[in-house]
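Both ligands and their constituent atoms are indexed starting at 1 by order of listing. Model, not experiment: these values are computed from the prediction.
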Amino acid sequence: MIPINKPWLDAEEKTEIMHVLEDNVLTSAARDGGKRVQDFEIELCNFLKVKHVVAVNSGTSALFAALIAADIKKGDEILVPSFTFVASANSILAVGAKPIFVDINLDDYTVDIFDLKSKITNKSKAIIPVHLYGHPSAIDEINELADAYSLTVIEDACQSVGSSYKGKQTGTIGLMGCFSMYASKVLTCGEGGAIATNFDNVAENLKMIRNHGMFDGYDTRVFGLNLRLPELSAAIAKVQTKKLRRMLDSRRRNAKLMSEMLLDSGKKLKIKFPQEDQDKQFNWYLYTVAFEDSTTRDKVKQKMLKHGIGATVYYDPPIHETPYYREVTTSTYQNDKKTLPKTEWSARHVLSLPVHPLVEEHDIKYMADIFKEID
Ligand SMILES: *Cc1c(COP(=O)(O)O)cnc(C)c1O
């Protein structure tokens, strides 16, 4: 079985976990967190070349804390793609705000700037660009719009740790960037998350928000919850961050091999390959192709699953087509007839393949052979 993603753990993670157990300190409610939380934050800061990283217990918590830190409230409109994991929108509902779904580009599945601009209103407060599959969104254009309309940019970098935009790490370009360490992500500790920011006051605020708004003891100053990352998880995250460069290199090698091996059947089956460019470097979280014909996509997917390969469609249905969001958007917002044509097309035509570090050359050849057998 080759799952779509799998944690790459070895002896070092085990050693670190044993150290935490020997120390007998499993968590810390101090403002700066426990020793491993602090170690992990420093490691990730150095990797991202950002001033602050605040660790939390999930990517969802990272988005939620970021929205609170950005003072997003009831009545505010937040622009977000629908073609993403539902957490991007759920965190908006969690602070009482309203997600406004934006369409995507067909070349990289990140937000379409023209559609984004057309959906800005006087209630718009923030944009959450999602670097889907590890593909960086067009941040310069997004920041320009944000400046022009006084909007906060919160990057959803949950899938893009290690991807870069014009030489800068994704998640470090907006006011805040949110990362996930869920088991399927590039850098993982099972469940975990982090927020990156270059602003001192934002980091201070986030540290309170993850700890019931407390600053120095039981002196709650702002709204917060318990969003703390446990020490055992932080220990794993720290080791994973140290080997992040190696994990990214391995993904890149696999993606390159995949492109080479799929070339011929790609032409035959009319497949669009993921395209990196100089300005937008991928972390290769997923290797996502699009089929011109959706029945061919479904055939390939079924065949892959039959042969134990976790080929997966991210995301069908897109958020605006899920039962809950259909209900919320029609009953609460009455704005629902609007469609997102490129999002809907993508949901029916994309397929993601595994290129994680535990995928080997013969696995890629095996996947390529399955493509060859399709007609
Ligand atoms: C994984 C993910 C999240 C949520 O992260 P969790 O750690 O699972 O809470 C949010 N947004 C995107 C795009 C994700 O892929």
Side-chain angles (χ1 to χ4, degrees), residues 3-7 40 44 53-68 78-95 99 101-102 104 108-111 126-137 139 142 153-163 170-171 174 176-196 206 209-210 225-230 233-234 236-237 240-241 251 282-288 310 312-320 322 325 343 346-347 350 352 354 356:
I4 187 73
N5 263 304
K6 196 174 179 176
F40 159 66
L44 192 57
V53 165
V54 177
V56 288
N57 57 10
S58 72
T60 307
S61 294
L63 287 162
F64 176 67
L67 287 161
I68 294 174
I78 314 301
L79 298 138
V80 65
S82 166
F83 201 52
T84 170
F85 181 54
V86 72
S88 314
N90 282 349
S91 56
I92 297 171
L93 292 186
V95 298
F101 294 118
V102 179
I104 50 164
D108 64 4
Y109 315 103
T110 67
V111 294
I127 306 173
I128 303 185
V130 179
H131 307 304
L132 199 74
Y133 311 144
H135 302 176
S137 312
I139 318 255
I142 291 167
V153 176
I154 298 170
E155 293 172 75
D156 183 336
C158 286
Q159 300 189 357
S160 72
V161 70
S163 296
T170 56
M176 287 172 268
C178 299
F179 295 88
S180 165
M181 281 106 74
Y182 175 63
S184 74
K185 305 294 160 87
V186 168
L187 185 166
T188 183
C189 61
E191 299 282 3
I195 307 114
L206 287 167
I209 293 164
R210 79 169 167 194
L225 286 172
N226 173 4
L227 308 176
R228 298 183 300 263
L229 184 67
S233 307
I236 300 176
Q240 289 263 304
T241 311
R251 285 176 178 272
F282 301 173
N283 65 353
W284 295 104
Y285 170 56
L286 295 163
Y287 189 95
T288 306
T312 309
V313 174
Y314 297 108
Y315 289 92
D316 188 18
I319 302 178
H320 73 289
T322 60
Y325 276 87
T343 295
S346 300
V350 295
S352 296
H356 57 78

Would you mind listing which atoms of ligand 1 come within a distance below 4.0 Å of any non-hydrogen atom of [X]?
X	value
Val130	13 (C)
Ala87	3 (C), 4 (C), 10 (C)
Cys158	2 (C), 3 (C), 10 (C), 11 (N), 12 (C), 14 (C)
Gly59	5 (O), 6 (P), 7 (O), 9 (O)

Return a yes/no value for Asp156: is any of its N or O atoms, backbone included, closer than 3.5 angstrom to an N or O of ligand 1?
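Checking ligand 1 against Asp156, an N or O pair does fall under 3.5 Å apart.
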Contact with ligand 1 for Ser88, non-hydrogen, under 4.0 angstrom
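For ligand 1, residue contact (heavy atoms, under 4.0 Å) with Ser88 is present.
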Any Glu191 heavy atom less than 4.0 Å from ligand 1
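No, that is not the case, since the closest heavy atom of the residue is not under 4.0 Å from the ligand.
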Could you tell me if Thr110 and Tyr133 have a donor-acceptor pair between their side chains, going purely by distance under 3.5 Å?
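Not at all, the side chains of Tyr133 and Thr110 share no donor-acceptor pair under 3.5 Å.
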Have a look at Phe64, Phe179, Tyr182, Tyr133 and point out the one with the heavy atom closest to atom 8 (O) of ligand 1.
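The residue whose heavy atom sits nearest atom 8 (O) of ligand 1 is Tyr182.
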Quick one: nearest non-hydrogen protein atom to atom 14 (C) of ligand 1, plus distance?
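Result: Lys185 NZ, 3.1 Å.
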Can you tell me which residue and heavy atom of the protein come closest to atom 9 (O) of ligand 1, and the distance to 0.1 Å?
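The closest one turns out to be Thr60 OG1, 2.5 Å.
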In Å and rounded to the nearest 0.5 Å, what is the OH to CG distance from Tyr315 to Leu132?
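Reported value, rounded in 0.5 Å steps: 6.0 Å.
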Evaluate the ring planes of His320 and Phe101, with Trp represented by its six-membered ring, and classify them as parallel (under 30°), tilted (30 to 60°) or perpendicular (over 60°).
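If you compare the ring of His320 with that of Phe101, the planes turn out tilted.
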Going by heavy atoms in the side chains, are Lys185 and Cys158 under 4.5 Å from each other?
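With C-beta onward as the side chain, the pair touches.
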Are any non-hydrogen side-chain atoms of Ile78 and Pro99 less than 4.5 angstrom apart?
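A side-chain contact under 4.5 Å is absent here.
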Have a look at Ile128 and tell me which of Ile142, Thr84, Val102, Ile92 forms a side chain to side chain contact (heavy atoms under 4.5 Å, CB included) with it.
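One option only clears the test, and that one is Ile92.
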